[in-house]
Protein chains: 2
Amino acid sequence: MRTEGRAKRLPRAVRERQIMDAAVDVFSRLGFHAASMDEISEVAGISKPMLYAYLGSKEELFAICIRREATRMMEAIATGVEPDQEPDVQLWSGLRAFFGFVGENRASWLVLHRQASTQGGPFAVELTDMRSRAVSLVAALLTQSTKAPATVLEAESLAAALVGAGESLAEWWLDHPEEPAGVVAARLMNLVWMGFGDLVEGNVWHPPSRRQVSG
Amino acid sequence: MRTEGRAKRLPRAVRERQIMDAAVDVFSRLGFHAASMDEISEVAGISKPMLYAYLGSKEELFAICIRREATRMMEAIATGVEPDQEPDVQLWSGLRAFFGFVGENRASWLVLHRQASTQGGPFAVELTDMRSRAVSLVAALLTQSTKAPATVLEAESLAAALVGAGESLAEWWLDHPEEPAGVVAARLMNLVWMGFGDLVEGNVWHPPSRRQVSG
DNA sequence: CCTGGTACCTACTCGCGAGTAAGACTACTG
DNA sequence: CAGTAGTCTTACTCGCGAGTAGGTACCAGG
């Protein structure tokens, strides 16, 4: 709130972290344009010139936020996925990691998904980059494991659809936080692995633990 | 461009259409905040006070654009879907209609999907409304046709995922316009109906025409 | 106690864009 | 040729927010 006059003296590195946290918070709530540097400085608990002294312009600050959050998220997913496993298991791990991250980092997710994708500035680069890394990952997973002849475009577009389904479901989840991450992830897993066709018939996909129990 | 002094005198209804077309164009390119009323008036070929005289404030204008484009799109989809058909056929018709509309109305789609969903103002209402109509439609389709016991939340979240997949694939398509609408629609159809599990095995879904030929 | 360096501040400038006041042009009606 | 209703304009006001100038508090080392 920062109603008092002067802020406590802190080393630069610490302040920078505080500022970036505040920026992610404000950007996630208001979007890039509507967010003001005044409000960010307010939330961060310091005055505006500090922002400029430490993090440069508004655009730079936004780009820095995106880069940081994107990295955190991709690392969370990469950590959760074991290569050299069955395709469905890899996909399942990725989905669990993704929804886990979103659940614990709402603000990060909002900045990444909503705000960044809209603004056409230098941010689109950062964002498109991360998104295409995700798409490529899925596309590779699909390509390497399919037996049917598939074009690159085909794999890529399917991957885009899957990533979009994940994003959209994450968005939906924000309005239904009572659902556990695992349940939401499992639903998407069933949709994209089994398809409506199977689900309508009552056929579902089971995670590996059950498979080992029954096998 | 409007480098000349005075615009030709036209009846109000016609001007309003021109203004709305211009607004959709500018909003789709720049987003709500970055778009300026000056630029919209420029593109529309008239002066700024006309905007305010005819369409009210900037927010009103944006809301009007969203409402108009959303209605056009929902009508396009509704026209393409025949109720009382097999679930997969209904889904297929809907997807075809959707991608058909997006292909022929890039600007409309951008305004609806990117711009409107981001701004938190009174627009979110219009947008969320249309989106949930779409989600409900799919959810109903799924619920009514499934044999397995499914909760409302389950159907709704799957529908959200499917709608998101469609949106995302439409976005991807904007970067790969060389692909025909039908091909893109068919890919999504295969993904959500058959699932990766089947696709990996080479099993694909066929549209009804082939089915009749082979049946 | 001075000297410098770093954290931090108040109080501005300045441009951009939403919205408006006040009037000018056109056309139809008698 | 008035009069009047509707179209269209130029030329403003005014607030908001990005970015800055020019300081003040605090902590070293001498």
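What you see below is based on every heavy atom in this structure, not just the backbone, and it leaves out hydrogens, waters and symmetry mates.
A donor-acceptor pair shorter than 3.5 Å cannot be found between the side chains of A:R6 and A:S47. For the 3.5 Å distance criterion, the side chains of B:W109 and B:E167 fail to qualify, holding no donor opposite an acceptor.
Rounded to whole Å, the distance from CD on A:E42 to C1' on D:dC16 is 15 Å. Between the CD atom of A:E39 and the P atom of D:dG17 there is a distance of 9 Å, given to the nearest Å. Between the CD atom of B:E60 and the P atom of C:dG19 there is a distance of 9 Å, rounded to whole Å. A:M50 places its CE atom 19 Å from the P atom of D:dG22, with the value rounded to the nearest Å. The nearest whole Å value for the distance from the CG atom in B:L55 to the C1' atom in C:dG19 is 15 Å. At whole-Å resolution of the value, CD1 in A:I46 and P in C:dT6 are 18 Å apart. Rounded to whole Å, atom P of C:dG19 lies 10 Å from atom CG of B:L61.
Using a cutoff of 4.0 Å between basic side-chain nitrogens and carboxylate oxygens, A:E42 and A:K48 are not scored as salt-bridged.
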(Q) Base contacts versus sugar-phosphate-only contacts with protein, heavy atoms under 4.0 Å: please encode nucleotides 24-30 of chain C as B, S and - from 5' to 3'. (A) BBBS---

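For the pair A:R29 and A:E39, the minimum side-chain heavy-atom distance is below 4.5 Å.
More than 12 non-hydrogen atoms from other residues, nucleotides or ligands lie less than 6.0 angstrom from CZ of B:R15. Within a 6.0 Å sphere centred on CZ of B:R17, heavy atoms belonging to other residues, nucleotides or ligands number 12 at most.
Taking the ring axis of A:Y52 as reference, the NZ or CZ atom of A:K58 does not stay both within 45° of it and closer than 6.0 Å to the ring centre.
Residue B:Y54 places at least one side-chain N or O closer than 4.0 Å to OP1 or OP2 of D:dT7.
When each of B:W193, B:W205, B:F99 is paired with B:W92, the ring-ring contact (aromatic ring centres under 6.0 Å, His included) condition holds for B:W205 and for no other.
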Report, one pair per line, the protein and nucleotides 18-20 of chain D atoms (nitrogen or oxygen only) whose separation is under 3.5 Å.
{"from": "D:dA18", "atom 1": "OP1", "to": "A:A35", "atom 2": "O", "distance (Å)": "3.3"}
{"from": "D:dA18", "atom 1": "OP1", "to": "A:K58", "atom 2": "NZ", "distance (Å)": "2.9"}
{"from": "D:dA18", "atom 1": "OP2", "to": "A:M37", "atom 2": "N", "distance (Å)": "2.8"}
{"from": "D:dA18", "atom 1": "N7", "to": "A:K48", "atom 2": "NZ", "distance (Å)": "3.3"}
{"from": "D:dG19", "atom 1": "OP2", "to": "A:Y52", "atom 2": "OH", "distance (Å)": "3.4"}
{"from": "D:dG19", "atom 1": "OP2", "to": "A:K58", "atom 2": "N", "distance (Å)": "3.1"}
{"from": "D:dG19", "atom 1": "N7", "to": "A:K48", "atom 2": "NZ", "distance (Å)": "2.9"}
{"from": "D:dG19", "atom 1": "O6", "to": "A:K48", "atom 2": "NZ", "distance (Å)": "2.6"}

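No donor-acceptor pair under 3.5 Å is formed between the side chain of B:S132 and the backbone N or O of B:V135.
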